[in-house]
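Read the structure below first, then the notes.
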Amino acid sequence: MTTTASTSASGSASGSTSGSTSGSASGSTRESALLESVPTGLLIDGVWRDASAGDTFAVIDPATGRELARVADATPADAVAALDAAAAAADDWAATAPRVRGEILRRAFDLATEHREDLALLMTVEMGKSLAEARGEVTYGAEFLRWFSEEAVRISGRYGTNPEGTGTTIVSHRPVGPCLLITPWNFPLAMATRKIAPALAAGCTVVLKPAELTPLTSLYFAALLIEAGVPAGVVNVVTTTDSSGVASAVMADDRLRKVSFTGSTPVGKILLKQAADNVLRTSMELGGNAPFLVFDDADVDAAVAGAMLAKFRNIGEACTAANRFFVQRGVADEFAEKLTAKVRELAVGRGTDEGVSIGPLINDAAVAKNAELVDDAVSRGAAVATGGAAVDGPGTFFQPTVLTGITPGTRLLREEIFGPVAAISTFETEEEGVRLANDTEFGLVSYAFTRDLARGHRLITSLRSGMLGLNTGVVSNASAPFGGVKSSGLGREGGAEGIHEYLDTTYTLLPAS
Ligand code: ADP
């Protein structure tokens, strides 16, 4: 069982805040020492606590199926205690000078960067991605801390005369108040920093509920935030297996003013309905079904390189992952052959092993879903160019796969694959390609490869998604507004837009004197 007795959280991540963990699982001495150092309690009002019922749950290494650690299993009452802390700290944090808030976030950036190897290893062992990709996530995730440390001091308003000339209008912003942040398991650090950094920069306090499959990175990161100087109650963390009970209890409390969620569309819809009762502000980063278009005039080698990133980065477990490849007839064979050759080179294994780029999927259900989708495609006429099946355990691995000749009606054209399966169809004209790309309820990101500038320009308006990678396979960047349209969600994270998700707008009228 876990134990973090009610210890002060002032120590470093590698310091005093840990409870017992199950030790080395399958890994090295360094891995066990790191796991021992991760806090395993709930962070409430600056103190690490056990769950009130004393329960814990296991965190599993998907590459081995073995237990890495046990962490506190919060009850809804624990979550409300976390909201108590966030509500109590809200006024002081909102009144803290923007420069001070920014400096704390900047220290958090420095600490995350300094602890890059630990954060990366934790993500690799609890989520499965390769160490190289996990290191990349630390760079990407930490950048939100630096970006929003800079945005904290640039929250500006407007001052003007109304059109009638009868008054002065002043538009200003203030923090929305306590926020509930719910994150998924696929980017354990970046999804947390992408929400916490703008919230804190804006002057909001938060309750973070990380995914139960990958809580260790968030717990370790929370300790870094405390070390960076985040005051007690400003960031609270509740790990739980009762995500619905915890979220419902916090959202039913009218002290909460905002919920920011990244996860599946069905859960997002539940949360939107719950948010209606207290008219909460919401940010929803939901599912995707990204099209990846390759036109006859594309640089095919560049398109293949982009496809490897858009499809196989993060083992395909990303809402931005290319889900449907549409390749114009003239380059279809060349693209499929070159992509297949590259995919055959991908090494599958535990993400800590040298040279591995495809780690395990997150759990058995994910492997079963990938297998089902491949079988469905094949039963409807698709050909397997490489891969196509699960890998025998231990661990939940699936072969990197390329399917060609996908036919209309195939399930993976409608459903998010969330795995290393590239599914290729062909098209004849730009109009047909665009129609196929837009034929989905989702609209997060599209990718398109073309050397025709005019076509590229047309695609900016004809593709219905919140983001477009034009001749690139990766769009995410802390300085840019990430987000989708249609069933892919509401709101934007990152960029100048990101902080406004956590700010209310107020307007004052002064009559002309
Ligand atoms: P995924 O399919 O990627 O696991 P989910 O939408 O199920 O996506 O999970 C994303 C996050 O939402 C996780 O932190 C999970 O615990 C949480 N979650 C799942 N169901 C609910 C719910 N009913 N209410 C609140 N949070 C939930």
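Heavy atoms only: backbone and side chains are in, while hydrogens, waters and symmetry mates are out. Counting convention: from 1, in listed order, for ligands and their atoms alike.
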Any idea which atoms of ligand 1 are less than 4.0 Å away from a heavy-atom of Glu212? 15 (C), 16 (O)

Near Phe261, which atoms of ligand 1 are under 4.0 Å from a heavy atom of that residue? 6 (O), 10 (C), 11 (C), 12 (O)

Between Asp84 and Arg255, does any NZ, NE, NH1 or NH2 come within less than 4.0 Å of an OD or OE carboxylate oxygen? yes

When the ring centroid of Phe482 is compared with that of Trp147, is the distance short of 6.0 Å?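 They do not qualify: ring centres at least 6.0 Å apart.
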
Any protein heavy atom < 4.0 Å from atom 9 (O) of ligand 1: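 Within 4.0 Å of atom 9 (O) of ligand 1, no protein heavy atoms are found.
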
Closest non-hydrogen atom pair, [X] against [Y]:
X: Gly388; Y: Gln399; result: N-OE1, 3.4 Å
X: Glu212; Y: Ser243; result: OE2-OG, 4.4 Å
X: Ile499; Y: Ala201; result: CD1-CB, 3.8 Å

Would you find more than 12 non-hydrogen atoms of other residues, nucleotides or ligands less than 6.0 Å from Asp364 atom CG? no

Check if Leu213 has a non-hydrogen atom at a distance under 4.0 Å from any atom of ligand 1.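 It does not, in that no heavy atom of Leu213 comes within the 4.0 Å cut-off of ligand 1.
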
Considering only heavy atoms, which of Val267, Asn363, Asp242, Thr183 lies nearest to atom 11 (C) of ligand 1? Thr183

Per atom 5 (P) of ligand 1, closest listed option by heavy atom (Ser264, Gly268, Gly287): Ser264

What protein heavy atom sits nearest [atom], and how far off is it?
atom: atom 25 (C) of ligand 1; answer: Ala247 CB, 3.4 Å
atom: atom 24 (N) of ligand 1; answer: Ser244 CA, 3.6 Å
atom: atom 19 (C) of ligand 1; answer: Ser243 OG, 3.5 Å

